[in-house]
There are 2 protein chains.
Amino acid sequence: MAETATLTLQGACSSREILNDISGKWSVMALTTLAYGPCRFNALKRALEGISQKALTDTLRRLERNGLVERHVLATSPVGVQYELTELGVSLKSLYCALHQWTAENRTIIHAARERFDERVA
Amino acid sequence: MAETATLTLQGACSSREILNDISGKWSVMALTTLAYGPCRFNALKRALEGISQKALTDTLRRLERNGLVERHVLATSPVGVQYELTELGVSLKSLYCALHQWTAENRTIIHAARERFDERVA
DNA sequence: CGGCATCCTTTTGGATACTG
DNA sequence: CAGTATCCAAAAGGATGCCG
């Protein structure tokens with residue numbers, strides 16, 4: 001099944017371009033966090049412990065641009081902003097949660113692999 | 001999984017660090033391609049059309065370091081190098097193929113979302 | 001609170017040349 | 001063929017200050 005040709009679609013919105021925006025560390029983690037429900041900016045920032053404000057802003061903009069999350073300005077004082085998965089975002093939810101879970105389940109194996117590799121190279 | 005009271009174990013291989021190495025455009029695409037079977041360097045390079053040699057080398061090293069692919073030097077002339085998924089890599093296979101497929105299935109929707117966003121911002 | 005603008009450092013990636 | 005080495009450009013990312 002050499003389906004690579006059909007998956008690597010040419011044109012305005014190839015798989016590569018999409019993956020460029022939605023894969024990556026912060027996108028996966030943000031989406032996974034939002035899978036539990038709508039979340040405000042600083043709550044998200046705390047959940048993604050270690051992310052800078054700029055990186056989070058950029059990540060959320062990218063996800064918003066691709067139609068995966070929606071940004072809602074709350075009429076509170078001071079202003080609040082809530083992010084929420086769209087229908088499209090929800091359709092990716094189980095995939096990303098599974099990925100996140102995979103990292104948790106295999107972190108010991110991966111850690112060992114890294115140590116072997118580093119020793120082999122050193 | 002001996003969870004000794006060391007802080008460095010958690011820190012040494014968190015989900016964030018794993019995702020940092022295995023998520024991302026090229027990792028997803030390389031892994032997806034290798035899901036169809038072992039593949040040699042230049043064949044992989046052609047499949048990931050547009051990737052530079054350096055980026056591919058770096059990507060494969062990262063995947064190898066994390067125990068997802070294995071590198072086999074073939075005794076041919078001139079030398080050949082074949083990359084193959086490990087058992088761990090296979091365990092991620094369905095996840096990444098599903099992700100790749102998701103991008104293909106939703107590319108029209110995403111493209112439309114991008115256009116709406118860009119127009120809203122402009 | 002949730003940004004944006006600016007500056008600056010780090011990382012990443014492309015291009016090219018060279019090698020076993 | 002499958003790299004490595006080097007240089008350079010571009011992008012990502014942190015720190016800080018300001019704002020509605």
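Naming: A, B, ... by sequence-line order, numbering from 1 per chain. This one's a predicted model, so the numbers in the text were calculated from it and none came from an experiment. Worth knowing before you read on, the calculation uses all heavy atoms, side chains too, and leaves out hydrogens, waters and symmetry mates.
When distances run from any side-chain atom of A/P78 to the nucleotides C/dC1, C/dG14, D/dG3, the shortest one goes to C/dC1. Between C/dG13, D/dG14, C/dG3, one nucleotide has an atom nearer to the side chain of B/S52 than all others, and that is C/dG13. Among the nucleotides D/dG3, C/dG2, D/dC1, the one closest to the side chain of B/N42 is D/dC1.
Listed pair B/R61 / D/dA2 fails the phosphate criterion, with no side-chain N or O lying under 4.0 Å from OP1 or OP2. The side chain of B/R40 places no N or O atom within less than 4.0 Å of a non-bridging phosphate oxygen (OP1 or OP2) of D/dC1. The side chain of B/R71 places an N or O atom within less than 4.0 Å of a non-bridging phosphate oxygen (OP1 or OP2) of D/dG3. Put simply, A/Y83 has a side-chain N or O that comes within less than 4.0 Å of OP1 or OP2 on C/dG3.
With the nearest nucleotide of DNA chain D identified for both A/G50 and B/L60, B/L60 has the one nearer the 5' end.
To the nearest angstrom, P of D/dG14 lies 13 Å from CD of A/E49. What separates CD1 of A/I51 from P of D/dG13 is a distance of 8 Å, to the nearest Å. B/K45 has its NZ atom 11 Å from the P atom of D/dA2, to the nearest Å. Nucleotide D/dA2 holds its P atom 10 Å from the CG atom of B/L56, rounded to whole Å. Between the P atom of D/dA2 and the CG atom of B/D58 lies a distance of 17 Å, rounded to the nearest Å. Taking atom CG of B/L74 as the reference point, atom P of D/dA2 lies 8 Å away to the nearest angstrom. When rounded to the nearest whole Å, the span between CZ of B/F41 and P of D/dT4 equals 8 Å.
For A/E64 and B/R120, the salt-bridge test passes: some basic side-chain N is under 4.0 Å from an acidic carboxylate O. Using a 4.0 Å cut-off between a side-chain N of Lys or Arg and a carboxylate O of Asp or Glu, A/D21 and B/R114 qualify as a salt bridge.
By the 4.5 Å heavy-atom criterion applied to side chains, A/Y96 and A/I22 are counted as neighbours. Side-chain atoms of A/D118 and B/R65, non-hydrogen and from C-beta on, do get closer than 4.5 Å to each other.
Residues B/L19 and A/Y36 do not share a hydrophobic cluster, defined by chaining ILVMFWY side chains whose heavy atoms lie under 4.5 Å apart.
Note: B/Q101 CD to A/S15 OG = 10.5 Å, rounded to the nearest 0.5 Å.
Counting atom types as modelled, A/Q53 pairs no side-chain N or O with a base atom of D/dG14 as donor and acceptor under 3.5 Å.
As a member of the Ile/Leu/Val/Met/Phe/Trp/Tyr network built from side-chain separations under 4.5 Å, B/F117 groups with B/V121.
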Pairs under 3.5 Å (N/O, protein and nucleotides 8-12 of chain D):
none

